[in-house]
Amino acid sequence: MKYKVMTAEEAASLIQNGQRIAFSGFTPAGATKSVPKAIAAKAEKEHAAGRPFKIDVVTGASTGDSCDGVLARANAINFRAPYQSNADLRAGANSNPNSLNYADLHLSMVAQYMNYGFMGKFDWAIVEAADVSDDGEILLSTSVGIAPTGLRLAEKVIIELNEYHSKELRGFHDIYECENPPYRKPINILGAGDRIGTETVKIDPKKIVGIVMTNMADEVKPFKPTDPVTQKIGENVADFLAAELKCGRIPKEFLPIQSGVGNIANAVLGALGSNPEVPQFSMYSEVLQDSVVNLIEEGHIKYASATSLTVTPEKIQEIYSNPKFFREHIVLRPEEISNSPEVARRIGVISINTAIEVDLMGDVNSSHIMGKNLMNGIGGSGDFTRAAYISIYTCPSVAKSGAISAIVPLVSHCDHTEHSVDIVVTEQGVADLRCKSPMQRAEILIEKCAHPDYKDMLRSYLKSVPCGHTPQTLAKAFVMHEAFLAYKDMRKAAF
């Protein structure tokens with residue numbers, strides 16, 4: 001290898017206060033693990049000496065604790081975008097005044113903002129790879145995210161060459177970047193299995209300052225087993241889609257599925273796979289979890305397109321043991337392609353994402369608790385919701401042992417408006433909001449999705465609303481939220 005091999009500490013010594021860095025990673029998959037720890041240690045030493053040290057961090061989405069967590073705990077982050085799921089980073093974003101500046105962005109827009117110069121100059125790209133050639137050809141590991149854009153735009157590059165990941169990953173990736181207007185061309189993807197790019201990222205090898213050798217698994221933890229509530233939500237989604245197929249509103253070939261991350265997403269995919277009326281389908285999504293790999297092996301999923309292979313160490317080794325088979329079924333793309341609204345609209349993606357709360361018009365809050373505290377972020381849900389053939393939001397009808405209702409008069413923070421939300425599913429049932437008036441939406445959400453403990457309360461709210469097109473009264477819209485803040489129980493609200 002012609003590049004300089006260095007330690008993580010030597011790499012961190014090159015990073016200066018105030019620099020902007022593009023890190024690889026989309027979830028813990030493909031995230032850098034060694035250099036961020038060394039940067040955090042440097043920050044702590046600088047702070048102890050009374051010197052400032054913070055960096056701007058841009059990634060594909062969330063990362064692992066070895067990136068987001070260690071940097072947040074070291075107070076080493078000035079700016080962070082576009083999505084996170086780390087408790088320490090979240091605490092910094094929610095502190096008052098904010099100890100770090102967090103920008104919650106649509107994931108499909110991040111590479112575009114970088115290309116347009118909206119984020120300024122990138123000093124470094126620090127990227128995990130499974131292989132790198134002397135002429136600057138980089139084989140990424142288990143995610144793509146914004147890595148191709150960061151590698152191209154950054155002035156200098158550090159590669160974490162992770163020997164844990166197999167070089168058999170060659171052929172899984174499909175690297176394609178969009179040109180800037182007015183030279184942008186259509187993204188020529190007509191199906192989830194189409195490939196339009198290259199297997200690797202190619203950059204000027206002179207930009208590669210050093211290689212840090214690692215041998216570390218992705219910090220992907222298994223999700224909790226399906227419980228009766230998530231199982232019922234999954235079954236409700238599968239039954240709804242099977243009924244849409246039967247009546248002809250979904251074509252007999254079925255349509256590609258986009259699914260978010262987490263226990264409900266796993267339950268939904270499991271229910272789709274086990275429903276005999278749902279044919280073999282494809283996924284055009286952002287993340288592939290263990291459940292997707294299982295469905296591929298069982299023949300339920302034909303093609304799975306994403307930007308991240310977010311699977312447990314056990315499952316990735318299963319893939320590495322049979323790369324030829326999985327290479328025919330899995331493709332990993334940059335997130336501006338995996339999350340492209342243009343492609344989603346063209347191929348008819350059915351989007352399935354998770355809500356924190358839904359109001360009586362169908363507006364969805366998917367990112368903030370009680371209107372102000374960040375949970376994780378909007379992620380890719382907005383990329384798909386507006387472009388979907390059918391947009392579905394799922395959530396349990398209640399949280400905190402029934403003290404919080406997911407169906408509320410007015411969401412405390414709005415990520416997706418009523419105009420973009422077609423279907424809402426809880427364990428109670430399915431609310432089809434398509435082409436309904438605001439009052440019709442309110443009535444069907446209460447009837448089909450609200451928990452029985454809250455149905456009468458929500459009906460009372462509707463009765464208290466003065467005339468108007470939208471069933472809202474500002475004086476009472478947040479009474480349920482205020483009851484929780486005051487008494488830790490929305491059931492104490494009175495209209």
Side-chain angles (χ1 to χ4, degrees), residues 190-193 222-306 309-312 315 318-319 322 325-326 328-331 344 347-355 384 388-397 422-434 444 448-449:
L190 305 179
F223 290 101
K224 295 177 183 178
T226 300
D227 59 37
V229 172
T230 57
Q231 181 64 36
K232 185 60 178 175
I233 292 172
E235 291 171 357
N236 286 345
V237 172
D239 291 344
F240 165 76
L241 292 177
E244 291 291 289
L245 178 68
K246 187 175 182 179
C247 73
R249 286 193 288 264
I250 293 176
K252 60 180 174 38
E253 300 88 353
F254 213 64
L255 291 169
I257 297 293
Q258 176 266 328
S259 179
V261 182
N263 299 331
I264 294 179
N266 275 328
V268 168
L269 290 171
L272 287 172
S274 61
N275 190 309
E277 296 182 43
V278 176
Q280 185 185 50
F281 60 94
S282 294
M283 289 193 68
Y284 196 86
S285 194
E286 54 193 358
V287 171
L288 305 182
Q289 301 176 173
D290 283 18
S291 58
V292 176
V293 179
N294 296 336
L295 291 172
I296 289 173
E297 292 176 310
E298 294 164 4
H300 296 298
I301 291 179
K302 185 176 183 180
Y303 298 115
S305 169
L309 195 52
T310 306
V311 297
T312 56
K315 194 61 67 174
E318 186 178 323
I319 292 171
N322 194 5
F325 170 78
F326 285 105
E328 295 173 353
H329 298 279
I330 293 174
V331 55
I347 67 178
V349 167
I350 296 170
S351 70
I352 308 170
N353 290 288
T354 304
F384 293 98
Y389 183 88
I390 302 173
S391 66
I392 301 173
Y393 276 90
T394 62
C395 59
S397 64
D422 295 325
I423 310 294
V424 176
V425 181
T426 70
E427 81 283 2
Q428 303 294 325
V430 178
D432 187 346
L433 309 181
R434 291 173 294 184
I444 195 170
K448 297 292 187 180
C449 289

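The figures that follow rest on heavy atoms only: side chains count, while hydrogens, waters and symmetry mates do not.
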Show your working on side-chain contact (heavy atoms from CB on, under 4.5 Å) between V268 and V425 and close with a plain yes or no.
CA-CA 11 Å; V268 168; V425 181; over 6 Å; no

Between [X] and [Y] (side chain of the first, backbone of the second, donor and acceptor by atom type, cut-off under 3.5 Å), is there such a pair?
X    : Y    : value
D422 : S391 : yes
D290 : T312 : yes
S282 : P256 : no
E427 : S397 : yes
T230 : I264 : no
S351 : Q258 : no
S274 : G270 : yes
E235 : A271 : no
Q289 : G262 : yes

State, to 0.1 Å, how close [X] and [Y] come at their nearest heavy-atom pair, and which atoms those are.
X    : Y    : value
F325 : H329 : O-CD2, 2.9 Å
S291 : N266 : OG-OD1, 2.5 Å
G273 : L295 : CA-CD2, 3.8 Å
L245 : E277 : CD2-O, 3.3 Å
Y389 : P251 : OH-CD, 4.4 Å
F326 : E297 : CZ-OE2, 3.6 Å

side-chain hydrogen bond (donor to acceptor under 3.5 Å, both in side chains) for N236 and Q428? Distances and angles first, verdict last.
CA-CA 9 Å; N236 286 345; Q428 303 294 325; over 6 Å; no

Could you state the interatomic distance from [atom1] ([X]) to [atom2] ([Y]), rounded to the nearest 0.5 Å?
X    : Y    : atom1 : atom2 : answer
L241 : I390 : CG    : CD1   : 6.5 Å
E244 : L255 : CD    : CG    : 11.0 Å
I330 : Y303 : CD1   : OH    : 13.0 Å
L288 : I301 : CG    : CD1   : 8.0 Å
I250 : I350 : CD1   : CD1   : 4.0 Å
C449 : I444 : SG    : CD1   : 8.0 Å

Contact check, side chains of I257 and S285, non-hydrogen atoms, under 4.5 Å:
no

With a sphere of 6.0 Å drawn around NZ of K302, does it hold more than 12 non-hydrogen atoms of other residues, nucleotides or ligands?
no

